[in-house]
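All ligand and atom numbering here is 1-based and tracks the order in the structure.
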Amino acid sequence: MGALWRREIGFPYGVQRVDARSDEGINPDTRLIAEENERLKLENDLLGRRVAELERKISLQPQTGLPTHFRLELELDDFIEQASHAGKSGGFTVLIVQLGENYGVVRKTLKASVSEWILYQTGCRIQGFLRDQDRLFHTRESEFVILLPGLKGRDLADFLHRLLPRLAEPHIFSGFNVAVGAFTGAAYWPEHGEERSVLMHHADIAVGASAEGRKAFMLFRPPLLERAVAKVELQNSIIKAIEATALDRIGEQFFLCFQPKLFARALEGRTLVIDRVEAEALIRWRHPEKGVLLPSTFVPLAEETGLILPLGKWLLYQCARRLAAWGKSGRGDIALSVNLSARQFHSEDAAETLAAVLAYTGAPPELLTVELTETALFEDAGSTAETLERFASLGVRISVDDFGTGYSSLSHLHRFPLDEIKIDRLFVENLAGNRQDRIIVRSLVAIAKGLGLSLVSEGVEKPEALELLWDMGCRGFQGYLIAKPLLPRDFIAFRDKIVADGMRFTF
Ligand code: C2E
Ligand code: CA
Ligand code: CA
């Protein structure tokens, strides 16, 4: 590097000047050259120090002080070379540690010092299990890579057995107590790839599969590669399905189901006396080759690619049209909820789109509820407040989805113009068996009451859960116990039956 700098500076051109005062018998040219050389040497030293500083900066992560992916590339080549010379005896493992998605939530919702602390702590925790010959790198914000010479099979399993529980422990930081967890994936040298890029790619595939399957660890296997390729193909086909078709043709592949949301005023035995029947629109994709796909397989892809924006506009338009049509058929009491993804909500024209759709379809705004996840709301509290105000001024209702899973600040909740809170089904699933979940639900009920918001429990599957929720003060219910997501005509039949039964629903 030093040589490079020297070459770039070049040789001093302006030194031919003759100094008239020179009378010391030294050739003035020689003195000037010496001075200039001295100056250049100083400059060179300074540059050398800057280069070293820059090198240090790009090769060490500031949050953890660990070597970065630049260093990993260099050292991995060395590892491969040494292992090749060592013959068959050696070999090593590349283990990737990726922090759980909770880390992303923390980063978006809490102050930077908390996520930095988590990264630092994770580095320290991993380091605590390493031997002298192991190497740890901090390669991407939420990713660490470990090179483990000779650690495969049983030995690797033993290592993970100690490491994983440690990574799952909560991080405690001035009043915050957050568990982020981690997913890990590994590939062996040379079995899973002799070249650096192949080996890293396969370790990447393994950790991706571990995150997707919500498994703590995955070792690379060729079928994982096939699955990753299939995912890319799906991504390409969603791009084709949405981008290639005009907006009015999206409906050839995508359609909506409606899941009832019931609001009750009394519970008599196993019969709810119903105040209102509402619905939540849930998207489905009729894939030309794969059949009907659930949103978990393609909504994240649509978010990543930005295609959620045209798709979301289409959805909103479908929902508003449906509302207007229900009104015309004498069912003007059904309210409809639509899910807005974070990207859609934070897009510049979110409120304009909503206003245009309402104006175009003539749907009554008070019958449309927009569901936003707690995480989407708190991503950027400043712009959130502004967009929510504009939504509210259009007359639509606003619901906080998956409530209790993010890190909302109650002071913000209070400032936003909200109408409804939905308790995440995570807390409802196991309500009868889990005291902690009951405590959480009780406090969510109190928050909703205190803020004057309507409250809905998602994922109500068992009669006991509904009864418990009722006793705690919850009056809105959604879940398989009431009905699964239904095709539009089945939803209408479901609602008409409740009306015919005198606004009663027995479970
Ligand atoms: P979500 O908004 O929390 O929707 C509720 C999900 O829970 C739905 O899954 C629903 O089928 C499922 N569910 C309802 N009741 C029960 C129950 O009793 N037990 C269990 N185990 N599950 C129940 P679905 O339709 O697969 O949707 C998953 C997620 O995809 C939704 O979660 C939402 O975040 C997203 N999504 C769905 N439709 C749309 C959409 O139109 N736009 C956007 N942006 N996201 C959507
Ligand atoms: Ca929802
Ligand atoms: Ca939800």
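When the options R425, E458, Q259 are ranked by their closest heavy atom to atom 7 (O) of ligand 1, first place goes to R425.
Relative to the ring axis of F255, R286 places its NZ or CZ within 45° and under 6.0 Å from the centre.
Inside a 4.0 Å radius of atom 9 (O) of ligand 1 there is not any protein heavy atom. Inside a 4.0 Å radius of atom 27 (O) of ligand 1 there is at least one protein heavy atom. Put simply, atom 34 (O) of ligand 1 has no protein non-hydrogen atoms near it, under 4.0 Å away.
The atoms of ligand 1 that sit less than 4.0 Å from any heavy atom of D402 are 3 (O). Those atoms of ligand 1 with a heavy atom of P485 less than 4.0 angstrom away are 11 (O). Shown in contact with S341 at under 4.0 Å from a heavy atom are these atoms of ligand 1, numbered in order with element: 44 (N).
Of the angles at the Ca ion (ligand 2), the one spanning OD2 of D401 and OE1 of E371 is 90° when given to 10°.
Regarding atom 21 (N) of ligand 1, its nearest protein heavy-atom neighbour is E461 OE2, 3.0 Å.
No side-chain donor-acceptor contact under 3.5 Å links H414 to the backbone of F416.
Scanning all heavy atoms of the two residues, the minimum distance from S399 to E420 falls at OG-OE2, 2.7 Å.
Look at D496 and R331 and you find a salt bridge, because one of the NZ, NE, NH1 or NH2 atoms lies within 4.0 Å of a carboxylate O, short of that distance.
At least one heavy atom of E280 sits closer than 4.0 Å to an atom of ligand 1.
Of all N/O/S atoms in E280, OE2 sits nearest the Ca ion (ligand 2).
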